[in-house]
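Here's the structure we're looking at; comments come further down.
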Amino acid sequence: MNQATALIDEIFQALTNLLRYAGRLIGRMSPPALLGAALVLAFLFSILPLALVLFVAFMLIKVAVGACVVSGRRAKRAQEHVE
């Protein structure tokens with residue numbers, strides 16, 4: 001139990017240090033740099049996940065259509081071999 005609490009404490013300390021560093025960094029940034037950082041963060045948090053989800057969706061559709069095509073061809077070959 002002590003190891004788990006020590007690990008959680010260490011994670012909490014690292015997170016608070018990261019947030020303090022980020023706060024100081026944002027305070028020193030110029031307005032154009034702050035705007036650029038906001039645009040990059042907006043891209044990372046909105047557009048990139050959307051692109052990944054669409055990529056996965058289209059890949060699943062492609063695999064499903066491919067499976068149907070392969071299944072149809074196998075059934076056609078099986079009928080040709082029987083005759």
Side-chain angles (χ1 to χ4, degrees):
M1 186 70 175
N2 288 335
Q3 291 178 346
T5 56
L7 178 64
I8 292 171
D9 248 359
E10 187 176 345
I11 291 171
F12 179 73
Q13 289 296 325
L15 185 61
T16 54
N17 287 338
L18 177 72
L19 290 174
R20 285 183 191 138
Y21 176 76
R24 287 188 298 249
L25 182 66
I26 289 172
R28 288 181 296 200
M29 290 176 102
S30 66
L34 194 58
L35 178 64
L39 290 174
V40 168
L41 285 174
F43 174 75
L44 288 176
F45 289 133
S46 63
I47 297 171
L48 192 59
L50 176 65
L52 290 174
V53 167
L54 288 174
F55 173 75
V56 169
F58 284 119
M59 285 302 292
L60 288 174
I61 291 169
K62 180 181 176 180
V63 168
V65 169
C68 291
V69 169
V70 168
S71 174
R73 288 183 182 174
R74 284 185 181 167
K76 191 174 181 180
R77 282 186 189 167
Q79 285 179 353
E80 289 175 359
H81 288 302
V82 170
E83 295 174 357

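In this chain, residues are counted from 1 in sequence order. This one's a predicted model, so the numbers in the text were calculated from it and none came from an experiment. The figures that follow rest on heavy atoms only: side chains count, while hydrogens, waters and symmetry mates do not.
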> Distance from Glu10 atom CD to Thr5 atom OG1, nearest 0.5 Å?
Replying inline: 11.5 Å
>> With a 4.5 Å cut-off on side-chain heavy-atom distances among I, L, V, M, F, W and Y, is there a chain of contacts connecting Phe58 to Val69?
In response: yes
> What's in the same ILVMFWY side-chain cluster as Leu7, cut-off under 4.5 Å, chained through other members?
Replying inline: Ile11
>> Using 0.5 Å steps for rounding, measure from the CG atom of Leu44 to the CG atom of Leu39.
In response: 11.0 Å
>> Evaluate Val56 against Leu60 for side-chain contact (heavy atoms from CB on, under 4.5 Å), listing each step before the verdict.
In response: CA-CA 6 Å; Val56 169; Leu60 288 174; 4.2 Å; yes
> Can any side-chain N or O of Thr16 pair as donor or acceptor with the backbone N or O of Phe12 at less than 3.5 Å?
Replying inline: yes
> Hey, what do you get for CD (Gln13) to CD1 (Ile8), rounding to the nearest 0.5 Å?
Replying inline: 13.0 Å
> Any link between Ile47 and Val40 through a network of hydrophobic side chains (Ile, Leu, Val, Met, Phe, Trp, Tyr) touching at under 4.5 Å?
Replying inline: yes
> To the nearest 0.5 Å, what is the distance between CE (Met59) and NZ (Lys62)?
Replying inline: 5.0 Å
